[in-house]
Amino acid sequence: MTANLPPQYDPKATETKWQKYWEDNQTFKADPETGGEPYCVVIPPPNVTGSLHMGHAFEETLIDVLVRYHRMIGRNTLWLPGTDHASIAVQTILEKQLKAEGKTRHDLGREKFLERAWEWKAESGNTITNQLRSLGVSVDWSRERFTMDEGLSAAVLEAFVRLYDEGLIYRGNYLVNWCPASQSAVSDLEVDQQEVEGHLWHFRYPLTDGSGYLEVATTRPETMLGDTGVAVNPKDDRYKHLIGKTVTLPILNREIPIIADEFVDPTFGTGCVKVTPAHDPNDFEMGKRHNLPFINIMNKDGTLNENAGEFNGQDRFVARKNVVKRLETDGFLVKIEDYKHTVPYSERGKVPVEPLISTQWFVKIEPLSQRALEALDKSNSPVFVPDRWTKVYRDWLVKLKDWCISRQLWWGHQIPAWYAVSETHGEITDTTPFVVAKTEADAREKAEAKFGNDVELARDPDVLDTWFSSGLWPFSTLGWPEETKDFDFYYPTTTLVTGFDIIFFWVARMTMMAGHFTEKMPFETVYIHGLVLDENGHKMSKSKNNGIDPLLLIAKYGTDALRYTLVKEVIGAGQNIRMEYDRKTDESKSVEASRNFTNKLWNAARFVMMNLEGQTPQQLGKPLTQVRSEDFSPEGERTEVLTTNQVRSEDFSPQGERTEVLTTNLTTNLSDRWILSRYYQVVQQSRNSLENYGLGEAAKGLYEFIWGDFCDWYIELVKSRLQQDAEPNSKKVAQQTFAFVLEGILKLLHPFMPHITEEIWHTLTQTGDDQCLALQAYPEADTSLIDPELEQQFELLFGTIRTIRNLRADSDIKPSLKVTAILQSESEKERQIISDGGVYIKDLARVENLTVTASLDADLGQTIAGVVGTVQVLIPLAGVVDLAALRAKLEKKLGKVEAEIKHTAARLTNQKFVDKATPDVVQGARDALAEAEKQAEILRDRLKLF
């Protein structure tokens, strides 16, 4: 019975089937014991709270293409999956749930709150990983990690204690991003810079000696209550004479100095800057340089404190209005300007963050960044693709400041520090002594040695920044600090695939941590991809509500279609891509085009298999390849001979011993040699592109070869050789070539479209469940069969066929009617090519009589002519077309189109129509007019031919 595919491709059923197969059979389970060359990628861990968005789909598809390719070329491949515990996100979810119940986390207490958090993780934390499964990612699910699992928690403790013991972690006061909503410090990555329509308030600060005033401006008037200086540029002649004098701060009547600092831009505003060291990062640095007081005016909930005087207890935004009102009343307000500026918002708290001095835990960055810089400068490690990101990464390492690693949350890795609260009246204060240890027992032993057996300990309530555990991810997931087989074999990892927006936050932290703890960079290469932009070319974001749901597109078009679209759109590594999308219909033309490609492949595969007479590629044998056989020399010594395309028969050596001899009895065809040349060209191009991170280029090359060369041309070229009455040897070679190239196509395409290729391959090869395409060898190029000259010859043949087809269409020649074609070229080489390929021209262009000539007869009668290269193509029309009837038909069509143009143009020049009709209707009319004008131009051109 002939094996074949169903008439229609069902992506949902196929994709579900193979995703289950791969996972159930642990197809992608890595084994360091098998040796070989390792290829390891650790997944950029998505938040456990997350749902699959287009950025995830893009990134994981890029990784999967690389991983599947390297697995198929024989490398010992591990793609390790996992998720991040997402401290702020999880805590926000739980606190919203508690708020709905009329409770707070403090009502539950830490232990019960954490129990609830783990329950939530068990019930809802697998959403993102299940959605990743729907992408067909070839990860090793048996090695899935979570940043708070037992092993990674042990790694975090080891890292923290070791850094502390080495003097690289300390506790101190510093300016941090503070989220009043979650009442926690947040990292720069957890801050969303939003452009807002605000105001710029101008105030007068009177000189204390009464000789005048300085004018300053601010977007946050309430912070003036914490001002401890006014700064000017030392080279600004307007203010040089005032440096060292003082002004009196309005409302609070505090005398503050006028300082000189080169940070001040004399061309901006008045050239005078108010300095609030406790509430602005630039002012913080100026305050340190000039030993200014640091006055905190804000509580952790965003209200003002006792240092704000009469505004004590007011919310910061209420106080803003009241401060402005008081300054206006007192005569210090100069003016208020509308001002568009950027405000940092907490991504989780959804409120503006507040720069706030707070006692936190910090990592000393300079010793860690120096090691990473040394690896980059001396060894160019890691290598960035594209290379332009190397400088960005280096600049970031140079500019890094100490890293605030503490967060005022409960969900996360609790800081392993215990305070001797018995030394400070039972409370944790800024001066309470502490010990750092991996366990409470170790902490108690240390504390008792310092403070006696009666010491009372309390653990630091804060947790570590999630980036601390994420910074350990490439090596902690492989078993560090233990010397595991995975760590020994797969580390350093091979490639990190990530977006440019977290080079600073994640990549740099990983290289610094890895350099310090493993003395190696954590990955050889960092492949930086761009963003997926919406249909208008804008960055997708929650605030803009312009995201495109990948799961919706998967449901509509299939996973392989979405994957292929995302990769094929990449033009050059690191470039952004734009996703076509219609929000009214939830349709995407670009993904639909990829879905059409899957259907094209499916139908082509069905056609091939219908013509293989139940034989597999293995049974048919490889076409045009050298096959090794045994023979014997006259002296009786065994030798090896190479023959090609080959029927096996028995023969005997001169000494009477039997041997197998392969003779060439099968007739090869130009079209077979052409498709094999094109195939091996594509194999070579695909390998080169994938080795050099040209994923988009590889995808496009495969698309053009499969759709164009294989489906549109080769299948048509060989159809006549597959008929029942076809010459047997020619048919056999056609079947061999068909099967061989189709199987090769499936292997080439598999990293991009894993599901459909797996399904077709199993049917084509009639392979059982003990094997799968994902583990087959990637094709290698046989360069001896690449024939650029032959490919150029076929380009001429295809151009000729296209030209004849176009001329037939222009002349309304019936498809069933065969014509006479005259091909004229002064080039003997071109004439030879056309003559050699005459059978293809006749077959595919429906030509009965074909004449190839160096010159044309003087009188050919009425013809229609075209040109391909330097070949003139003519079709005599006598007896084929009624020219008068054709001309009348074209003139009638042109008349109708011109009438439509006149009518539509009149509507568009009618101002009432334009004003009353909806924009969609008006645009539709404009589009219809443009299309009609295009049709009229085509018809006029056709009329000129007759």
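All figures in this text were calculated on a predicted structure; none of them were measured in a lab. Values below: every heavy atom of this structure, side chains too, minus hydrogens, waters and symmetry copies.
The salt bridge (Lys or Arg N to Asp or Glu O under 4.0 Å) check on Asp560 picks up nothing, with sequence neighbours excluded. With sequence neighbours excluded, the residues forming a salt bridge (Lys or Arg N to Asp or Glu O under 4.0 Å) with Asp712 are Lys600, listed by chain and number. Not counting sequence neighbours, the partners of Asp709 by the salt bridge (Lys or Arg N to Asp or Glu O under 4.0 Å) test are Arg678. Annotation: side-chain hydrogen bond (donor to acceptor under 3.5 Å, both in side chains) contacts of Thr870 (sequence neighbours excluded): Glu830. Under the side chain to side chain contact (heavy atoms under 4.5 Å, CB included) criterion, Arg687 pairs with Tyr69, Ile73, Val683, Tyr778, Glu780, not counting sequence neighbours. Under the side chain to side chain contact (heavy atoms under 4.5 Å, CB included) criterion, Lys829 pairs with Glu789, Ser827, Ile833, not counting sequence neighbours. For Lys719, the side chain to side chain contact (heavy atoms under 4.5 Å, CB included) partners are Phe607, Ile715, Glu716, not counting sequence neighbours. Every residue two or more places apart in sequence or in another chain was checked for a side-chain hydrogen bond (donor to acceptor under 3.5 Å, both in side chains) with Glu592, and none qualifies. Applying the side chain to side chain contact (heavy atoms under 4.5 Å, CB included) criterion to Ala605, with sequence neighbours excluded, gives Leu5, Met609, Leu742, Ile760. Not counting sequence neighbours, the partners of Glu898 by the salt bridge (Lys or Arg N to Asp or Glu O under 4.0 Å) test are Arg940.
Remark: side-chain polar atoms of Lys818 are not paired, donor with acceptor, to backbone N or O of Val847 under 3.5 angstrom. A donor-acceptor pair is defined here as one N or O able to donate and one able to accept, closer than 3.5 Å; such a pair exists between the side chain of His762 and the backbone of Thr767. A donor-acceptor contact shorter than 3.5 Å is absent between the side chain of Lys622 and the backbone of Pro617. Judged by distance alone, the side chain of Glu727 and the main-chain N or O of Ser730 form a donor-acceptor pair under 3.5 Å. Judged by distance alone, with hydrogens and angles left aside, the side-chain atoms of Arg721 form no donor-acceptor pair with the main-chain N or O of Pro728 at under 3.5 Å. At least one donor-acceptor pair under 3.5 Å links the side chain of Trp602 to the backbone N or O of Pro6. Between the side chain of Asp843 and the backbone N or O of Val839, no donor-acceptor pair lies under 3.5 Å. For Arg71 (side chain) and Ala774 (main-chain N/O), no donor-acceptor pair under 3.5 Å exists by modelled atom type. Here the side chain of Ser811 pairs no donor or acceptor atom with the backbone of Ile813 at under 3.5 angstrom. Gln766 contributes a side-chain N or O that, together with a main-chain N or O of Gly614, makes up a donor-acceptor pair within less than 3.5 Å.
Aromatic rings from Phe710 and Tyr679 are positioned such that their centres are separated by 6.0 Å or more.
Taking a cutoff of 4.0 Å between a charged side-chain nitrogen and a carboxylate oxygen, Arg673 and Asp787 do not qualify as a salt bridge. Comment: Arg563 engages Asp64 in a salt bridge, judged by a side-chain N to carboxylate O separation of less than 4.0 angstrom.
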Give the intermediate values and the outcome of side-chain contact (heavy atoms from CB on, under 4.5 Å) for residues Phe738 and Leu620. CA-CA 10 Å; Phe738 244 166; Leu620 285 163; over 6 Å; no

Begin with the C-alpha distance, continue with both residues' side-chain angles, and end with the deciding distance and a verdict on side-chain hydrogen bond (donor to acceptor under 3.5 Å, both in side chains) for Glu697 and Ser689. CA-CA 6 Å; Glu697 290 79 359; Ser689 294; 5.7 Å; no

Under the salt bridge (Lys or Arg N to Asp or Glu O under 4.0 Å) criterion, do Arg831 and Asp836 qualify, and how do the steps go? CA-CA 9 Å; Arg831 293 197 303 275; Asp836 291 344; over 6 Å; no

For the pair His70 and Glu691, evaluate side-chain contact (heavy atoms from CB on, under 4.5 Å) and give the outcome as yes or no after the intermediate values. CA-CA 9 Å; His70 284 281; Glu691 290 290 344; 4.2 Å; yes

side-chain contact (heavy atoms from CB on, under 4.5 Å) for Val881 and Asp812? Distances and angles first, verdict last. CA-CA 8 Å; Val881 176; Asp812 276 5; 5.9 Å; no

Quick one, Leu764 with Leu612, criterion side-chain contact (heavy atoms from CB on, under 4.5 Å). Give me CA distance, side-chain angles, the key distance, then yes/no. CA-CA 9 Å; Leu764 173 67; Leu612 296 184; 3.8 Å; yes

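When all heavy atoms of Asn688 and Asn692 are compared, the closest pair comes out as O-ND2, 2.8 Å. For the residue pair Asn611 and Gln735, the shortest heavy atom distance occurs at O-NE2, 2.8 Å. Nearest heavy atom pair, residue Arg68 against residue Pro754, reads CZ-CB, 3.5 Å. The shortest non-hydrogen separation linking Ile801 to Tyr840 is CD1-O, 4.0 Å. Taking all atoms of both residues into account, the shortest heavy-atom contact from Leu817 to Val880 is CD2-CG1, 3.7 Å. Looking at every heavy atom in both residues, Gly838 comes nearest to Leu850 through CA-CD2, 3.8 Å.
Residue Glu828 qualifies as open at atom CD: its count of foreign heavy atoms under 6.0 Å is 12 or below. A 6.0 Å sphere centred on CD of Glu937 holds no more than 12 heavy atoms belonging to other residues, nucleotides or ligands.
For residues 571-581, every residue pair satisfying the side chain to side chain donor-acceptor pair (under 3.5 Å) rule, not counting sequence neighbours, is listed here: Tyr581-Asp586. Screening residues 738-765 for salt bridge (charged side-chain N to carboxylate O under 4.0 Å, His left out) gives Lys17-Glu759, Glu743-Lys747 as the qualifying pairs, with residues at least two apart or on separate chains.
Using the six-membered ring where Trp is involved, Trp674 and Tyr714 have ring planes that are tilted, between 30° and 60° apart. Using a 30° and 60° split on the angle between ring planes, Tyr564 and Phe752 fall in the perpendicular class, above 60°.
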